[in-house]
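Whatever order the structure lists ligands and atoms in, that order sets their numbers, starting from 1. Note that the structure is predicted; figures quoted are calculated from it, not measured.
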Amino acid sequence: LFVLFCQTATTVQKYSMSDKELKEYTSEDVSKHTTTDSCWLIIGNSSNGGPKVYDVTKYLDDHPGGAEVMLDVAGQNADEFFEDIGHSKEARNELAKYLIGNYKLTEEEMAKMKADAEKKAAQGGSSSMMLIVLVALVAIYIAYSQMNS
Ligand code: HEM
């Protein structure tokens, strides 16, 4: 039990430290790496702990989807493209090997992310409201049909 405790403590420490130690890159930094000699991508979003910066230069020739698609979005935010393909878990594990840092959102991106989150929260709120109304209607219907039988 003690060994298990020590292992958990070290893992927790490792993860929390590695996240803090990651360098932070701006869109200006990332935008300088757009060639086969140095190709960086921004991938990830608030739902998976991102966005993060990846140096995928060494993976270009190994990518099953080809080097071209990656070079097309080099130096930019490729999260939507990466997600749209529906990359497998293996692809995501592979991606993790090329992590070099966190991405520093611009003011504009930060505002957009906040607005998106608020929109999502509002949508969630209205759908749960609809569920409550639906349950109430069903209850009224059952009560009404029992009264008449
Ligand atoms: C380091 C980043 C990336 C990794 C590790 C990666 C990995 C992979 C892997 C392993 C596959 C094979 C299918 C699968 O297992 O899902 C794949 C397919 C593919 N990827 Fe990526 N990928 C990366 C980035 C991207 C980006 C940024 C794009 C688009 C801009 C892209 C477009 C594609 C396409 C088009 C395919 C082929 C899908 C098919 O033919 O069914 N990938 N990728």
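F82 approaches H87 most closely through the heavy-atom pair O-ND1, 2.8 Å. Scanning both residues, Q76 and V30, for their nearest heavy atoms gives N-CG1, 4.4 Å.
Between the side chain of S38 and the backbone N or O of H33, no donor-acceptor pair lies under 3.5 Å.
Between Y98 and Y59, the angle of the ring planes lies from 30° to 60°, which puts this pair in the tilted group.
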Nitrogen or oxygen contacts under 3.5 Å, ligand 1 side and protein side:
residue: ligand 1; atom: 15 (O); partner: S88; partner atom: OG; Å: 2.5
residue: ligand 1; atom: 16 (O); partner: S88; partner atom: N; Å: 2.8
residue: ligand 1; atom: 16 (O); partner: S88; partner atom: OG; Å: 3.2
residue: ligand 1; atom: 20 (N); partner: H63; partner atom: NE2; Å: 2.8
residue: ligand 1; atom: 20 (N); partner: H87; partner atom: NE2; Å: 2.8
residue: ligand 1; atom: 22 (N); partner: H63; partner atom: NE2; Å: 2.8
residue: ligand 1; atom: 22 (N); partner: H87; partner atom: NE2; Å: 2.9
residue: ligand 1; atom: 42 (N); partner: H63; partner atom: NE2; Å: 2.8
residue: ligand 1; atom: 42 (N); partner: H87; partner atom: NE2; Å: 2.9
residue: ligand 1; atom: 43 (N); partner: H63; partner atom: NE2; Å: 2.8
residue: ligand 1; atom: 43 (N); partner: H87; partner atom: NE2; Å: 2.9

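Residues E24 and K52 are not paired through a salt bridge, judged by the lack of any N-O separation under 4.0 Å between the basic side chain and the carboxylate.
Among residue pairs with one or both ends in residues 95-112, those qualifying as salt bridge (Lys or Arg N to Asp or Glu O under 4.0 Å) are E94-K97, K112-D116; sequence neighbours excluded.
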